[in-house]
Protein chains: 2
Amino acid sequence: MRRDIFQAIADPTRRAIIALIAMQAMTPNAIAENFNTTRQSVSKHLRILTECELVKQDFQGREIYYSLDVNKLKELDRWLDRYRAIWESQFNQLDSLLTKIKNKEK
Amino acid sequence: MRRDIFQAIADPTRRAIIALIAMQAMTPNAIAENFNTTRQSVSKHLRILTECELVKQDFQGREIYYSLDVNKLKELDRWLDRYRAIWESQFNQLDSLLTKIKNKEK
DNA sequence: TATATATGCAACTTATCGGTTGCACAAGCT
DNA sequence: AGCTTGTGCAACCGATAAGTTGCATATATA
């Protein structure tokens, strides 16, 4: 059951975890304190996020600090790139339409 | 069961449908021909994509042409924006590190 | 009008997902 | 050494998701 980034960010709890550890690394316990769920549940989410390399682990004694690995998010950015061209051209079409209307008003 | 864009693009078949109709509008039957699945299954995916406004419908007689609505993809782009700042700053950190090394070599 | 075609919807099945509970293990603390 | 703390893993459960089959409806076509 190979998981990809799209499935990883589909879950709202996992997106919240990502937002939480984006700025500073946190331990599973610290993360779990921010949610209405069990520590084990968070641990499971972290496992999924780690598997698809969205987060990285920093082992310090018996504690594990999790932090965001932005590199994987770039993959999503690259996926969006394929459609960015479309919406930019559509914007240009709208833009030229607005220009036409503007010219007519003159 | 309100579905959001993250869940919508989590499914690989739905992402393939998005890629397929990105450039030109297509009917459900035409779309289904591209997949190893039933027409009804594709119809279900289209319903989900329509519900969260990722695709739009163009009714022509008894045929329905589906096409991509890029506006909703911008939502994903905006979500990424929150982390784009991070990976750009990390790139800058790497950049300044490389500059330091370069200067030392001199 | 009868038939064929395009589509959506409902019911059912199987697989997977998210959560909980319980346990194991390793690292600190007294 | 014994206790506490931080963590992961496995087993189980209920909900949901994706796919199939069958049917209903509307629009073409003969």
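Quick note on labels: first sequence line is chain A, next is B, and so on, each numbered from 1. This one's a predicted model, so the numbers in the text were calculated from it and none came from an experiment.
Among D:dG8, C:dT7, D:dA18, the nucleotide with an atom closest to any side-chain atom of B:P28 is C:dT7. Closest contact between the side chain of B:S41 and the listed nucleotides D:dA18, D:dT20, D:dT7 involves D:dT20. Nearest to the side-chain atoms of B:N29 among the listed nucleotides C:dT7, D:dG8, C:dG8 stands C:dT7. When each of D:dT7, D:dT20, C:dT7 is scored by its nearest atom to the side-chain atoms of B:T38, the top-ranked nucleotide is D:dT20.
The base of C:dG8 does not come close enough to the side chain of B:K44 for any donor and acceptor atom to sit less than 3.5 Å apart. For A:R39 and D:dG8, a side-chain-to-base donor-acceptor distance below 3.5 Å is present, hydrogens and geometry of angles not being considered. Checked by distance alone, A:R62 brings a side-chain donor or acceptor within 3.5 Å of a matching partner on the base of C:dA27. A donor N or O paired with an acceptor N or O is found under 3.5 Å between the base of C:dG22 and the side-chain atoms of A:Q40.
Rounded to an integer number of Å, the gap from CZ of A:R15 to P of C:dC17 is 16 Å. One atom, CZ of B:R3, and another, P of D:dA17, lie 5 Å apart when rounded to the nearest Å. Between the CZ atom of B:R47 and the C1' atom of C:dT7 there is a distance of 13 Å, rounded to whole Å. Between the CG atom of B:D4 and the P atom of D:dA17 there is a distance of 11 Å, given to the nearest Å. Regarding A:Q60, its CD atom lies at a distance of 11 Å from the P atom of C:dG28, rounded to whole Å. Rounding to whole angstrom units, CD of residue A:Q7 and C1' of C:dA15 are separated by 12 Å. The nearest whole Å value for the distance from the CD atom in A:Q57 to the P atom in D:dG6 is 17 Å. Between the C1' atom of D:dA18 and the CZ atom of B:F35 lies a distance of 14 Å, rounded to the nearest Å.
Look at A:H45 and you'll find a side-chain N or O under 4.0 angstrom from OP1 or OP2 of C:dG19. Checking the phosphate oxygens (OP1, OP2) of C:dT7, no side-chain nitrogen or oxygen of B:Y65 falls inside 4.0 Å. The shortest distance between the side-chain N/O atoms of B:T27 and the OP1/OP2 oxygens of C:dT5 is not below 4.0 Å. Phosphate contact (OP1/OP2 of D:dT20, side-chain N/O of B:T37, threshold under 4.0 Å): present.
Considering CZ of A:R47 and CD of A:Q40, their distance stands at 14.0 Å, rounded to 0.5 Å.
Using a 4.0 Å cut-off between a side-chain N of Lys or Arg and a carboxylate O of Asp or Glu, B:K72 and B:D4 do not qualify as a salt bridge.
Using a 3.5 Å distance cut-off with no hydrogens or angles, the side chains of A:Y66 and A:Q57 do pair a donor with an acceptor.
One hydrophobic cluster, built from ILVMFWY side chains closer than 4.5 Å, holds both B:Y83 and B:I9.
Summarising the geometry of B:Y65 relative to B:Q60, their closest heavy-atom pair is CE1-OE1, 3.9 Å, with the distance given to 0.1 Å.
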